There are 2 protein chains.
Amino acid sequence: MTEPGPAPRRKRMPRAEREQQILAAAEEVFAERGFQATSMDEVSARVGVSKPMLYEYFVSKEGLLLACVARIRADLHTATLEAIAGAGPDGPRAVLEAGLEAYFDFADRHGRAWAVLLNESVIVAGPAEEAIEAIRGQQTLLIQSALSRWLPSASPERVAVFAHALIGAGERVARWRLREGAGIKPRESAALLADAFWPGFAVAAGLAPDIPAGPGPGPGVPAGLAPDAPAGQDSAKRA
Amino acid sequence: MTEPGPAPRRKRMPRAEREQQILAAAEEVFAERGFQATSMDEVSARVGVSKPMLYEYFVSKEGLLLACVARIRADLHTATLEAIAGAGPDGPRAVLEAGLEAYFDFADRHGRAWAVLLNESVIVAGPAEEAIEAIRGQQTLLIQSALSRWLPSASPERVAVFAHALIGAGERVARWRLREGAGIKPRESAALLADAFWPGFAVAAGLAPDIPAGPGPGPGVPAGLAPDAPAGQDSAKRA
DNA sequence: TTCCTTCCCTACTCTCAGTAGGCTACCGGC
DNA sequence: GCCGGTAGCCTACTGAGAGTAGGGAAGGAA
């Protein structure tokens, strides 16, 4: 009735181009529905191609997700790298802040796709988990190498903890911004987070004197949190 | 010898008890396989009960996951609360460190279940995402209330960023410990992470002088950030 | 034209979340 | 004891969607 013609055959297209098309559609659907609720049929329909194509090009649903993640991570990498390179001459604190700002900015621009692809939908278990962790691990390595430039004498553990802390903090704060802190601009957020990390970094780098373990009970005793358990003394020590 | 009897009929059992059994089995399977790869059939088989039971008690697969998450979160909450209450009299730094140590310790004791239930398997999108975020929010609230005791004059945004940063850092570092940093004890990890956060906190609380934005290019030129690394596919410091 | 590579499709299979509908063990009350 | 009645339980299905088998045609090279 609508289609007198026999075959609605698709237009042929070079592989690379079709791959990009598929990735774009997949990113959309993943962002809308999340990994779990995304069906390969819907992705293929949106591209205007049949399901076996997706499998031909990306092996599995997880493979498709992985490709999306890799792509968006690469973009993020570029954006951040540019930002910190630009801030390089202004010293470590500026680099820290610029990197964070670029990150938040990226998250803002990509909205839900960022959240799904980089943080949440993580499929878990199986090879995909490894792969995603690996992609993340590369950033960690880079941060570590950047850090160790200023912390030449710090132990590897200290550097690693710092790097992972920075990553985790960034992710969570970005997520919070997406959900509730909408009003706060990337720049302000970056400044706030940098305020939290910079002093610790400066101390570790020997740019500032160590800060003693503070006074006893501060302004208000943490009473609200039920000071009743047997005091587990001393938790301060260094590695 | 094994079972001459005819009917493999299950033993009857009060609802609450069966629920606990199911939760225990589910936690096991989720930890082994991840959410995605866990089948309700396997969980039910492991409990020794039929599938419709799971649905009767937990509504859906996500519901089952949610119940597991809620349970383990509650335990974590209790453990942390006790730890920081015990350290209360020793001042903020001790509280920070004690809380972190309790967290890492908890993660160690629960192994993969912790990772899957609290961080990874998150299904995303839909009500489950909300529910999981809500449970997490509880932890954030705990930290925020503890923080604001010492930062009475800080803006809410600053406190929120601090709290989320702390949570994100904790999660990420714990995950790293689980995967590679096996040798590092909870106590040392807590000390290292506290070293990263404490100075920033002390500055914000007015317990230490502000730390200026440091010198220009430090020990190593921050130019490019990675003069050597061919930056194939990693990301810079982003966060 | 003919061949052959690359791109693409229809039409399945199989696993698994979720459901319909019924049975039975146990706890009262008589 | 006997007789409901309810709470706990099960077998046997449906439907959706991931992944596959096996073939067809466009377009370039010879």
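This structure is a prediction, so every number in the text was calculated from the model and none was measured. Order of the sequence lines sets the chain letters (A, B, ...), proteins ahead of strands, with each chain counted from 1. Side chains are part of it too, since the values below use all heavy atoms of this structure and drop only hydrogens, waters and symmetry mates.
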Q. Below 3.5 Å, does any donor atom in the side chain of A:K61 face an acceptor in the base of D:dG19, or the other way round?
A. no
(Q) Without decimals, in angstroms, what is the distance between B:K51 NZ and D:dA12 P? (A) 14 Å
Q. Which nucleotide sits closest to the side chain of B:Y57: C:dA17, C:dT10, D:dG8?
A. D:dG8
Q: Give the rounded distance in Å between these two atoms: CD of B:E19 and C1' of D:dC9.
A: 15 Å
Q.
Using a heavy-atom cut-off of 4.0 Å across all strands, would you classify A:F58 as base, sugar-phosphate, or nothing?
A. nothing
(Q) I need the CZ-C1' distance between A:F35 and D:dA18, as an integer number of Å. (A) 10 Å
Q) For B:Q36 and D:dA18, what is the distance between atoms CD and C1' respectively, to the nearest whole Å? A) 10 Å
**Q.** Whole-Å distance separating the CG atom of A:L54 from the P atom of D:dG17
**A.** 15 Å
Q: Would you mind reporting whether A:M13 and A:V49 have side-chain heavy atoms less than 4.5 Å apart?
A: no
Q) Is there a donor N/O on one and an acceptor N/O on the other, under 3.5 Å, for the side chain of B:R12 and the base of D:dA7? A) yes
Q. Quick one: are A:R109 and A:W114 in side-chain contact, heavy atoms under 4.5 Å?
A. no
Q | Residue B:Y55, side-chain atoms from C-beta onward, closest of C:dA11, D:dG19, C:dT19 | A | C:dT19
Q. For B:R15 and A:P52, take the nucleotide of DNA chain D holding the closest heavy atom to each; which residue's nucleotide lies nearer the 5' end?
A. B:R15
Q | Side chain of A:S60 (C-beta onward), nearest among D:dG19, D:dC9, C:dC9 | A | D:dG19
Q) Does OP1 or OP2 of C:dT6 have a side-chain N or O of A:R18 closer than 4.0 Å? A) no
**Q.** Geometric cation-pi criterion A:R177 and A:F104, 6.0 Å radius, 45° cone
**A.** yes
Q | Integer-rounded Å distance: D:dA18 C1' and A:E56 CD | A | 17 Å
Q.
What is the separation between atom CD on A:E17 and atom P on C:dC7, rounded to the nearest whole Å?
A. 11 Å
Q) Given the rule in the side-chain hydrogen bond (donor to acceptor under 3.5 Å, both in side chains) test, do A:R18 and A:Q21 qualify, once you have shown the distances and angles that lead to the verdict? A) CA-CA 5 Å; A:R18 190 69 358 131; A:Q21 270 192 8; 3.3 Å; yes
Q: Using a heavy-atom cut-off of under 4.0 Å over every strand shown, decide if B:T38 touches base, sugar-phosphate, or nothing.
A: sugar-phosphate
Q) Which part of the nucleic acid, if any, lies within contact of A:M53, taking any heavy atom under 4.0 Å across all strands shown: a base, the sugar-phosphate backbone alone, or nothing? A) base
Q | Contacts of A:E56 that satisfy side chain to side chain contact (heavy atoms under 4.5 Å, CB included) - sequence neighbours left out | A | A:R15, A:M53
Q | Euclidean distance, atom CG of residue A:L64 to atom P of D:dA18 [Å, nearest integer] | A | 11 Å
